[in-house]
Each structure stands twice: as C-alpha cells, then as structure tokens.
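Data block below; observations after.
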Amino acid sequence: MAHPREFAEGLSIGIIMDGNGRWAKNRGLPRTAGHKKGAEVFSDIADYCDELGVSSVYFYAFSTENWKRSEDEISTIMRLFEAYLHEAIDTMERDQIRLKILGDTTALSPAIQGLIDKTDAIAARLPGCFQANVCLNYGGRDEIVRAVNRFAAEHPGETITEAAMAEYLDTAGIPDPDLIIRTGGEYRISNFLMWESAYSELYFTDVLWPDFSEKDIDEAVAEYRHRDRRFGGVKA
C-alpha cells in the first residue's frame with residue numbers, strides 16, 4: 001500500500017475546522033473547552049501536513065461572522081491565537097514553517113497585530129518552506145471586496161483582470177487549495193476562500209474537529225486522489 005506521503009506531497013489543502021462547540025457540549029463542557037482542544041489539534045495537524053510534504057495548508061480559524069458569538073467565546077479564541085503566535089515566533093525558523101495570517105487584521109487587537117507583524121518578518125526569511133495559513137477575521141466575500149478596493153485605489157479607471165485580482169487577494173503568491181476538508185458534518189464552505197476554491201475538490205466528514213486525526217487527513221487525501229480533475233475540460 002502506498003504511503004500517505006505519496007498521495008499528499010505537493011498538495012495545497014484547506015480545512016474548515018468545525019465542531020468545537022458541539023464536541024464540548026457532548027461532554028457537558030463549556031464551548032471554550034472545545035476551542036482549547038481544537039487548538040491542540042490544529043497544531044498537530046499542521047505538523048502532520050508538513051511531515052506529509054503538503055506545500056501549504058489553510059485553516060479557517062475565525063470568520064468575519066464569528067463576531068456574533070459570545071464575548072467569552074471570542075475572548076478565548078483570541079487568547080488561544082495570541083498564545084499560538086508567541087509560540088510561532090519562537091519556532092518558525094527552527095521548524096522551517098512560514099506562517100501567514102489571512103483576513104482583515106485591522107479589527108484585531110493591537111497586541112495581535114504586532115505579533116502578526118513579527119511572524120510576517122520571519123516568514124519573509126523562509127522562502128520555499130512549508131506554508132501554514134491561518135484565516136482570522138476572514139470572509140471570502142470580504143477578501144474579494146478588499147482586493148477590488150485596493151486595486152481601484154492604485155489603478156483608478158482601470159479594469160481589473162483575473163490575474164490582477166489574484167495579486168490583490170490575501171492569498172497572493174500562495175497556491176489555491178486542491179482539496180478543501182470540512183469537519184463536523186456540515187455540507188457548505190461558509191464563505192471560505194470563495195475565489196481560490198473555484199476548482200477545489202470538496203471533502204466532508206462527520207468527525208468533529210477536536211477528534212480529527214492524522215488518519216482522517218490520510219482518508220481525505222486518499223479520496224482526493226480518486227477524483228478526476230478536468231478544470232472545465234474533457235478527459236481525453
């Protein structure tokens with residue numbers, strides 16, 4: 001049997017991490033406990049994707065719509081993310097991992113924005129390394145609107161093209177996801193990478209994110225390798 005690395009090497013993967021709250025509720029725990037467990041799984045899966053030879057992975061961590069949640073839940077998520085950024089600053093060069101934060105960071109706290117500036121500076125010194133992208137205060141529609149507005153401000157009166165659009169997105173220079181995985185049993189992409197996912201293969205699983213494992217990544221990638229990707233063409 002082929003090793004999972006043979007299937008995953010070079011892929012770009014997007015992951016919609018869903019089910020933290022339900023995982024906690026099933027155990028009689030507060031939703032915040034699910035986010036704490038989910039943060040551990042996030043780190044483990046990022047490391048495993050790197051081990052498999054995946055070129056880049058996108059994690060949907062906090063959407064533009066998630067501000068509707070309780071203040072306690074939002075505060076917990078932001079504290080977990082701040083702790084992750086501190087850890088990343090200490091380990092990115094050692095582990096040869098480029099971290100990129102995608103989304104409208106202007107709405108985040110000054111402390112988090114400062115940490116993102118530091119990770120950006122480190123990432124700039126690590127060309128060609130495995131790339132972990134975290135979508136924080138991110139929405140696919142919002143990303144497109146921001147990209148168009150930036151282009152219009154810099155090129156007044158010009159018509160934007162697809163090639164130009166790609167250069168103004170948060171994901172400029174990063175491969176579009178070949179495969180998007182959603183955990184938690186829902187069958188939608190929820191405003192995730194709307195432009196970039198035009199030809200992504202979609203994979204849905206009932207596994208809640210805190211229970212997601214290396215085995216689940218292997219199964220998703222194996223399923224992907226059986227898909228016939230024609231990008232609008234006809235197979236010869």
Side-chain angles (χ1 to χ4, degrees), residues 7-17 46 49-50 52-65 92 96-108 113 116-182 188-203 220-221 224-225 227-236:
F7 295 130
E9 193 159 11
L11 283 184
S12 179
I13 297 175
I15 303 178
I16 301 173
M17 304 180 291
C49 285
D50 185 20
L52 287 177
V54 170
S55 66
S56 64
V57 61
Y58 297 87
F59 292 98
Y60 204 6
F62 190 87
S63 76
T64 50
E65 292 76 32
M92 284 170 66
Q96 295 290 285
I97 293 178
R98 287 170 53 89
L99 175 65
K100 177 69 175 176
I101 308 306
L102 309 177
D104 181 5
T105 60
T106 62
L108 304 176
Q113 290 184 53
I116 291 173
D117 288 342
K118 290 182 180 180
T119 58
D120 283 345
I122 296 170
R125 302 196 294 268
L126 300 171
C129 294
F130 167 73
Q131 177 134 2
N133 309 290
V134 179
C135 298
L136 189 70
N137 192 31
Y138 174 89
R141 290 180 175 180
D142 177 70
E143 177 191 25
I144 291 169
V145 169
R146 287 186 288 105
V148 170
N149 285 337
R150 285 197 299 269
F151 177 87
E154 295 181 16
H155 305 277
E158 294 186 25
T159 300
I160 194 168
T161 64
E162 286 194 21
M165 182 75 169
E167 293 301 315
Y168 280 82
L169 293 169
D170 296 347
T171 55
I174 308 171
D176 291 343
D178 300 295
L179 168 66
I180 291 179
I181 300 167
R182 179 168 186 149
R188 55 181 179 270
I189 61 173
S190 297
N191 205 14
F192 180 55
L193 300 175
M194 300 290 288
W195 178 277
E196 298 86 351
S197 65
Y199 281 101
S200 301
E201 295 293 327
L202 306 179
Y203 178 88
V221 170
Y224 165 82
R225 287 303 187 188
R227 305 281 179 90
D228 182 15
R229 304 184 78 202
R230 297 188 297 277
F231 301 95
V234 178
K235 189 173 182 181

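Quantities reported herein were computed from a predicted structural model and do not represent experimental measurements. Just the heavy atoms: all of them, side chains too, but no hydrogens, waters or symmetry mates, feed the values below.
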Show me the side-chain donor-acceptor pairs of residues 152-166 shorter than 3.5 Å, one per line, residues at least two apart or across chains.
| unit_1 | atom_1 | unit_2 | atom_2 | d |
| --- | --- | --- | --- | --- |
| E154 | OE1 | Y168 | OH | 2.7 |
| H155 | NE2 | Y168 | OH | 2.9 |
| T161 | OG1 | A164 | N | 3.1 |

Listed by chain and number, what are the side chain to side chain donor-acceptor pair (under 3.5 Å) partners of [X], not counting sequence neighbours?
X	answer
D176	none
Y138	E143
S197	none

Any residue meeting side-chain contact (heavy atoms from CB on, under 4.5 Å) with [X], in chain and number order, not counting sequence neighbours:
X	value
D142	T64, D104, R146
I97	D47, D50, D95, F130, A132
D117	none
E167	none

Worksheet entry | side-chain hydrogen bond (donor to acceptor under 3.5 Å, both in side chains) pairs, two or more places apart, involving residues 118-130 |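 For residues 118-130, and leaving out neighbouring residues, the side-chain hydrogen bond (donor to acceptor under 3.5 Å, both in side chains) pairs sorted by first residue read E93-R125.
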Worksheet item: With sequence neighbours excluded, what pairs up with R188 under the salt bridge (Lys or Arg N to Asp or Glu O under 4.0 Å) test?
Response: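 Here the qualifying residues are E186.
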Item to complete: Among residues two or more places apart or on two chains, list those pairs meeting salt bridge (Lys or Arg N to Asp or Glu O under 4.0 Å) that have a residue in residues 54-64.
Response: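 Sorted pair list comes back empty.
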Item to complete: For Y203, enumerate each residue passing the ring-ring contact (aromatic ring centres under 6.0 Å, His included) test, keeping only those at least two apart in sequence or located in another chain.
Response: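 Y203 satisfies ring-ring contact (aromatic ring centres under 6.0 Å, His included) with no residue once adjacent residues are dropped.
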